[in-house]
Amino acid sequence: MHSSFLEHHYFTTNDNVRLHYIDKGCGIPLILLHGWSQSSEQYKYQIEELSHHCRVIALDMRGHGLSEKVSYGFKIYRLAKDVNELLCYLGLNQVVVLGHASGAAVICCYWELFGDERLAKLILVDKIPVLTSNPSWSPKEVAHYGSFVDSASSVGFVNVLLSEKVNTAKTILLHRQITQNISTEDAHMLIDTSCDVSNPEAAVLLYNEFHQDCRDVIPRIHLPTLIIVGRGSPTPVSSQEWMNQTIKDSQLVIFEVEEGGKHFTFIENPDKFNRAVAQFIQ
């Protein structure tokens with residue numbers, strides 16, 4: 001995807017990290033935030049197509065993609081600060097911001113830090129309110145919050161990322177998040193991109209994401225919000241329904257498994273995904 005038809009740009013954060021972003025199209029600005037250990041490459045089916053409808057800006061988080069590889073700042077709140085700095089650098093207002101998984105966690109943290117500053121609409125793709133469960137929660141609470149790991153298993157997986165089994169673990173994890181119909185090229189792209197991210201930094205970021213708690217953020221979102229999830233995704237649909245009921249003026253779009261409805265709906269069914277996003281932006 002990083003070919004000549006895309007506009008590649010860089011800016012430097014206030015803690016001196018050079019971040020890469022793609023900027024294509026004109027009109028309403030749409031910021032694309034990728035998921036954990038991925039890059040703007042994951043939106044290869046969105047950038048060109050959606051640039052016909054709006055101005056698409058796809059950011060590589062620090063340490064990911066073509067952004068600078070550093071050993072610090074791998075916290076969700078720091079990534080939210082990076083996004084705010086990008087918007088300020090470009091002088092953007094009335095922005096639509098789309099985040100996938102940890103990218104959506106960055107949006108929630110942005111909201112807590114900056115509120116609706118510079119934002120117009122939100123698109124949350126496979127956003128779990130709280131990843132790590134509390135044993136005292138009722139089954140209903142777990143269903144609402146989407147938690148699917150406990151403290152021990154979250155730390156256990158983070159430690160695997162620091163072991164020699166890390167690339168095998170990343171590959172197994174990704175295969176659980178895609179359907180059998182995904183192309184070999186796209187599956188390899190996701191795996192190769194994930195394995196390219198420094199494992200110690202990926203471990204720090206994932207540990208931090210495991211302990212983000214957005215239960216009190218979700219009810220305070222007052223911008224129009226589009227929620228997208230795959231029926232077969234690790235993200236429980238029940239949690240997306242809770243978010244839909246909790247966020248005023250929100251819409252929920254569910255991809256069935258046969259529609260490419262697992263964790264990477266935008267790759268497995270870009271036509272439906274792009275239509276939903278384009279309709280929501282206008």
Side-chain angles (χ1 to χ4, degrees), residues 28-36 75-84 87 92-151 154 205-231 233-255 261 263 265 273 276-277 279-281:
I28 299 169
L30 170 66
I31 309 296
L32 303 180
L33 305 178
H34 61 77
W36 175 78
K75 308 290 193 302
I76 299 296
Y77 61 81
R78 178 62 242 193
L79 302 186
K81 170 65 173 166
D82 291 346
V83 172
N84 179 256
L87 300 188
L92 296 176
N93 290 292
Q94 293 299 298
V95 168
V96 180
V97 59
L98 181 158
H100 172 236
S102 63
V106 170
I107 293 176
C108 286
C109 199
Y110 183 107
W111 187 270
E112 194 151 40
L113 292 172
F114 307 105
D116 62 359
E117 180 181 318
R118 298 180 180 270
L119 304 182
K121 296 181 179 181
L122 309 180
I123 304 176
L124 306 176
V125 183
D126 269 42
K127 168 68 188 103
I128 296 177
V130 194
L131 278 167
T132 304
S133 64
N134 183 325
S136 70
W137 289 344
S138 68
K140 182 179 179 180
E141 287 174 311
V142 173
H144 283 176
Y145 307 149
S147 312
F148 62 80
V149 295
D150 57 24
S151 296
S154 67
L205 182 57
L206 188 61
Y207 181 87
N208 187 256
E209 185 184 358
F210 273 140
H211 296 87
Q212 291 295 311
D213 186 345
C214 298
R215 288 175 298 158
D216 65 335
V217 178
I218 300 297
R220 291 185 287 115
I221 293 175
H222 56 72
L223 293 178
T225 301
L226 175 62
I227 301 164
I228 300 176
V229 69
R231 182 78 66 183
S233 170
T235 301
V237 171
S238 59
S239 67
Q240 308 305 284
E241 292 170 338
W242 176 77
M243 288 169 53
N244 179 218
Q245 293 162 7
T246 304
I247 301 173
K248 185 181 179 181
D249 294 328
S250 66
Q251 303 172 33
L252 174 61
V253 174
I254 300 174
F255 286 63
H263 195 49
T265 50
F273 188 92
V277 170
Q279 289 170 5
F280 178 71
I281 288 175

note = Correct closest heavy-atom pair for W242 and P129 would be CZ3-CG, 3.9 Å

key: Heavy-atom closest pair, residues S154 and V149   = CB-CG2, 4.1 Å

ask   = Distance from T265 atom OG1 to I254 atom CD1, nearest 0.5 Å?
value = 12.0 Å

request  = Output yes when a side-chain donor or acceptor of N84 lies under 3.5 Å from a complementary backbone atom of Y110, and no otherwise.
outcome  = no

request  = Let me see the working for L122 and V97 under side chain to side chain contact (heavy atoms under 4.5 Å, CB included), right down to the final yes or no.
outcome  = CA-CA 5 Å; L122 309 180; V97 59; 3.5 Å; yes

request  = Report the C-alpha distance between F255 and V229 in whole Å, list the side-chain angles of each, state the deciding distance to 0.1 Å, and finish with yes or no for side chain to side chain contact (heavy atoms under 4.5 Å, CB included).
outcome  = CA-CA 6 Å; F255 286 63; V229 69; over 6 Å; no

inquiry  = The test is side chain to side chain contact (heavy atoms under 4.5 Å, CB included); show your working for K121 and I281 and say whether it passes.
reply    = CA-CA 8 Å; K121 296 181 179 181; I281 288 175; 5.7 Å; no

key: Stepwise side chain to side chain contact (heavy atoms under 4.5 Å, CB included) test for R231 and V237   = CA-CA 6 Å; R231 182 78 66 183; V237 171; 3.9 Å; yes

ask   = Got a sec: does the OH of Y207 have more than 12 other heavy atoms crowding it under 6.0 Å?
value = no

Residues that Q279 engages under side chain to side chain contact (heavy atoms under 4.5 Å, CB included), provided they are two or more places apart = R275

inquiry  = Tell me the closest heavy-atom pair linking L119 and G115, and the distance in Å.
reply    = CD1-O, 3.9 Å

key: Shortest non-hydrogen contact from G99 toward I107   = N-CD1, 3.3 Å

With a cut-off of 3.5 Å and sequence neighbours excluded, list every side-chain donor-acceptor pair involving residues 215-224.
residue, atom, partner, partner atom, Å
R215, NE, D213, OD1, 2.9
R215, NE, D213, OD2, 3.2
R215, NH2, D213, OD2, 2.7
R220, NE, D216, O, 2.9

ask   = Side chains of V277 and L30: closer than 4.5 Å at any heavy-atom pair?
value = yes

task = Answer yes or no: does atom CZ of F280 have more than 12 heavy-atom neighbours from other residues, nucleotides or ligands under 6.0 Å?
result = yes

key: Atom pair CZ (F148) and OG1 (T132), whose distance is rounded to the nearest 0.5 Å   = 8.5 Å

inquiry  = Return the CE to NE2 distance between M243 and H144, rounded to the nearest 0.5 Å.
reply    = 12.5 Å

request  = Indicate the atoms forming the closest heavy-atom contact of H34 with S102, along with that distance.
outcome  = O-OG, 4.1 Å

Value rounded to 0.5 Å, distance of CD1 in I128 from OG in S239 = 6.0 Å

request  = Say whether, by atom type as modelled, one donor and one acceptor occur between the side chain of H100 and the main chain of H263 under 3.5 angstrom.
outcome  = yes

task = To the nearest 0.5 Å, tell me how far I76 CD1 sits from L206 CG.
result = 9.0 Å

request  = Could you tell me which non-hydrogen atom of A101 sits nearest to which non-hydrogen atom of E209, and how far apart they are?
outcome  = C-OE2, 4.0 Å

inquiry  = So does V130 get a backbone contact from the side chain of S147, meaning a donor-acceptor N/O pair under 3.5 Å?
reply    = yes

query = Hey, are the side chains of Q94 and I28 touching, using non-hydrogen atoms and a 4.5 Å cut-off?
reply = no

query = In Å, rounded to the nearest 0.5 Å, how long is the span from CD1 of I123 to OG1 of T225?
reply = 9.5 Å

query = Is there a donor-acceptor pair under 3.5 Å between the side chain of Q240 and the backbone N or O of K127?
reply = yes

request  = Please check if any side-chain donor atom of N208 sits under 3.5 Å from a side-chain acceptor atom of Q212, or the reverse.
outcome  = yes

